[in-house]
Amino acid sequence: MTSSDRSQAVGVNKSYEIRTYGCQMNVHDSERLSGLLEEAGYVPAAKDGEGADVVVFNTCAVRENADNRLYGNLGQLAPKKAARPGMQIAVGGCLAQKDRDTIVKKAPWVDVVFGTHNIGKLPVLLERARVQEEAQVEIAESLEAFPSTLPTRRESAYAAWVSISVGCNNTCTFCIVPALRGKEKDRRTGDILAEIEALVAEGVSEVTLLGQNVNAYGSDIGDREAFSKLLRACGTIEGLERVRFTSPHPRDFTDDVIAAMAETPNVMPQLHMPLQSGSDRVLKAMRRSYRQERFLGIIEKVRAAMPDAAISTDIIVGFPGETEEDFAQTLHTVRESRFAQAFTFQYSKRPGTPAADMEGQIPKAVVQERYERLVALQEEISWAENKKQVGRVLEVLVAEGEGRKDDATRRLSGRAPDNRLVHFTRPQEPVRPGDMVTVEVTYAAPHHLLAEGEARAVRRTRAGDAWEKRNAAPAEKPQGVLLGLPTIGAPAPAPAPAPTAGCGCD
C-alpha cells in the first residue's frame, strides 16, 4: 500500500488505543499500527483509552479461549460505543484472520476487521467504515507489505524490533499460526540492513531480528547461510551495540550460525531455542523435525563456542499421548540442557490443528501434576545457573520499567549481555534508559541478579540521548502488551494453555 493510500484516512483530533495480545510479532505489528494511525492524524488516548475514539484489538489465536476473551472485551465496549457517537472498534491479528466474518456476526458493533497480511490498510478501512456507515471486513490472503516497511511508533527509544521474515513453512501439529501468517517470505537483506542503520541513526543501540522461524531466513532465495551472513553484516554497523534474534528452530540451527554468533562481537550470547518435548516419540507426533540427541548436540556446540551463553526454551506439557516415560525424557533433557529459563505451558486444544483431534488427550489433573514437577526442576536449575553469575562484572543496558520495585528500593534495572535481568544500586551520577552501567553481581535469585555495590562505571550513550529527547515533552505511551515476551530472567509464566512464548510456531 502506498503512502497516498494511507493519507486518505484522516483522524485529526481523534484518539486511539491498541490492545495487544500474543507473541513478539503482534507486538511489532502494534507498533506499526500506532505509526499508521499517527501518520493519519490520530493521537494516543489518555488514561488507558477510557476516552479513545478508536480501539484496536490486535488478537492472538494460539490460546484455546482467545475468542471468548475477545468477545468478552468487545461486549464491555458495546455500551461505551453506544453512548459515544463516532467511536470505532477494529479487530485485527491472527484471530481476525481465522474468524473473518464471524466477528461482525457475533459483535455487529465492530467497525473494521483486518487480517495479518494487510495491517497497513487500517486507517483507510476506518475512514471507509465511517463514511459508508457499515462494517468493513478485509482479509488479504497474502502479505501486502512487511511490517517493518510501515510507519512506526516504537515503545522504546533505545531498542527496536526488525522483521526479517514473516510466515512459517513448518507443520507442527499443535500450531495454527502458519495457517494464519502464511508461508515464509523473506525480506531483502539490503532492506533489513538499511532499516537497522536508520534505527541506529535515531539512537537505537539494540535490535532484535524477528521472524516466526528466524534462522530459516534465506529459504526464499535458496541460501542456507543467509542468516549467519546477516548476523555478521550486523556486526559491521557502527553504533549498533547489541543484536538479538527470536525465535529459531532446531531444524535450521546450523554450525555457521553458531560461528557467526561467537565471532560477531555485537551479537549477544543469548539463545531462545524451543524444545517443546524431550521425547522422540512426542516430537514425532508434534511433527518436529529433530530429536533429543540433535537438540542436545546444538546446546553442546553453543556452549563450546560461547561458554557464557544463556539459553532459554519453550516446553509443552501434556501433549496428546504423552506417557510418564515421555515426560521423564523431557525432564532428562532439561537437566542436561541447564536452561537459564524455560517457558512451560500446559497443552490445550486449538481448533483447526491436527493435535486437537488426536487420541490420548491427557486428563487435566495429570497435566497439572507434571507441569508442577517441571516448573520445580527448572526453578532449581535457573537458581543454580544464576548463582554462577555472582562475582561477575557485567555491562548492563539500563531499561525503562523493568524493575517493579525500583522506586521503593532506589535501584535501577537493566539487561546483561545474555539478557539476564539485573537490579543494581542507583549510581550517584544521572543515568538514563539506554545508558550502560558496569556493575558487579553480588546476589542471585532464580529470575534476576542483584548488584548491591557502587557502579564500576557509567557510560552515557546516544541511546540515552534518544530516550532523553523523546521524554523531553510529555507524551502518552502506547497501551502495554498483555502477554509478555520470552526474556531470560523473567518469572516463569503462570499455567497457561498457550504452547509457546512465540506463537507456538518455533
Side-chain angles (χ1 to χ4, degrees), residues 23-25 28-29 116-117 142-149 160-172 175 177-199 207-237 240 242-274 287-290 294-295 297-299 301-302 305-306 309 311 314 486 500 502-506:
C23 68
Q24 61 269 23
M25 187 67 76
H28 182 56
D29 285 350
T116 59
H117 299 309
S142 60
L143 186 69
E144 293 186 350
F146 272 97
S148 291
T149 64
W161 302 103
V162 175
S163 175
I164 71 169
S165 65
V166 295
C168 181
N169 294 336
N170 293 322
T171 57
C172 300
C175 183
V177 173
L180 305 179
R181 290 277 181 179
K183 292 293 185 180
E184 181 176 327
K185 186 173 179 58
D186 295 335
R187 193 174 169 202
R188 289 182 63 253
T189 302
D191 292 341
I192 297 169
L193 296 174
E195 181 184 358
I196 295 174
E197 290 171 350
L199 289 167
V207 299
T208 300
L209 305 178
L210 181 62
Q212 260 136 355
N213 186 6
V214 70
N215 60 319
Y217 177 75
S219 61
D220 239 7
I221 57 178
D223 184 356
R224 287 183 57 82
E225 295 188 353
F227 185 62
S228 63
K229 293 174 184 175
L230 178 60
L231 291 178
R232 292 183 186 278
C234 287
T236 67
I237 299 176
L240 179 59
R242 293 185 172 187
V243 178
R244 306 186 190 277
F245 57 88
T246 193
S247 288
H249 191 292
R251 181 194 67 187
D252 303 298
F253 206 80
T254 49
D255 291 349
D256 60 295
V257 173
I258 297 174
M261 291 179 67
E263 296 165 9
T264 309
N266 63 355
V267 176
M268 294 294 97
Q270 173 216 346
L271 179 63
H272 184 74
M273 180 65 76
R287 235 181 260 158
R288 304 287 285 179
S289 53
Y290 56 90
R294 158 75 171 155
F295 187 92
I298 293 172
I299 300 301
K301 288 180 179 179
V302 169
M306 296 170 285
I311 303 173
D314 298 324
T500 72
C503 259
C505 56
D506 303 321

Taking the side chain as every heavy atom from C-beta outward, state whether [X] and [Y] have any atom pair closer than 4.5 Å.
| X | Y | answer |
| --- | --- | --- |
| Thr208 | Val162 | no |
| Thr254 | Ser228 | no |
| Thr236 | Leu193 | no |
| Lys229 | Asp223 | yes |
| Phe245 | Leu230 | no |
| Arg288 | Pro274 | yes |
| Arg294 | Arg251 | no |
| Leu231 | Val257 | yes |

Mind checking whether Phe253 and Tyr290 have ring centres under 6.0 Å apart?
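Centroid separation for Phe253 and Tyr290: 6.0 Å or greater.
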Could you tell me which non-hydrogen atom of [X] sits nearest to which non-hydrogen atom of [Y], and how far apart they are?
| X | Y | result |
| --- | --- | --- |
| Pro248 | Asn213 | C-OD1, 4.2 Å |
| His249 | Ser289 | CE1-OG, 3.8 Å |
| Pro250 | Ile298 | O-CD1, 3.5 Å |
| Glu184 | Ala216 | OE2-O, 3.2 Å |
| Gly211 | Met25 | CA-CE, 4.3 Å |

Determine whether a donor-acceptor pair (N or O, by modelled atom type, separation under 3.5 Å) exists between the side chain of [X] and the backbone of [Y].
| X | Y | value |
| --- | --- | --- |
| Asn266 | Leu240 | yes |
| Gln212 | Val166 | no |
| Asp252 | Asn215 | no |
| Asp186 | Gly218 | yes |
| Arg244 | Met268 | no |
| Asp29 | Thr116 | no |

Kindly compute the distance separating [atom1] ([X]) from [atom2] ([Y]), expressed to the nearest 0.5 Å.
| X | Y | atom1 | atom2 | answer |
| --- | --- | --- | --- | --- |
| Ser219 | Asn169 | OG | CG | 5.5 Å |
| Gln270 | Ile311 | CD | CD1 | 10.5 Å |
| Arg287 | Thr171 | CZ | OG1 | 4.5 Å |
| Ser165 | Lys185 | OG | NZ | 11.5 Å |
| Asp191 | Ser163 | CG | OG | 11.5 Å |
| Ile258 | Glu263 | CD1 | CD | 11.0 Å |

Just jot down the salt bridge (Lys or Arg N to Asp or Glu O under 4.0 Å) partners of Asp256, sequence neighbours excluded, or say none.
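With neighbours one apart ignored, the set is empty.
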Show your working on side-chain contact (heavy atoms from CB on, under 4.5 Å) between Thr264 and Val243 and close with a plain yes or no.
CA-CA 9 Å; Thr264 309; Val243 178; over 6 Å; no
Test side-chain contact (heavy atoms from CB on, under 4.5 Å) applied to Trp161 and Thr246, step by step
CA-CA 10 Å; Trp161 302 103; Thr246 193; 4.2 Å; yes
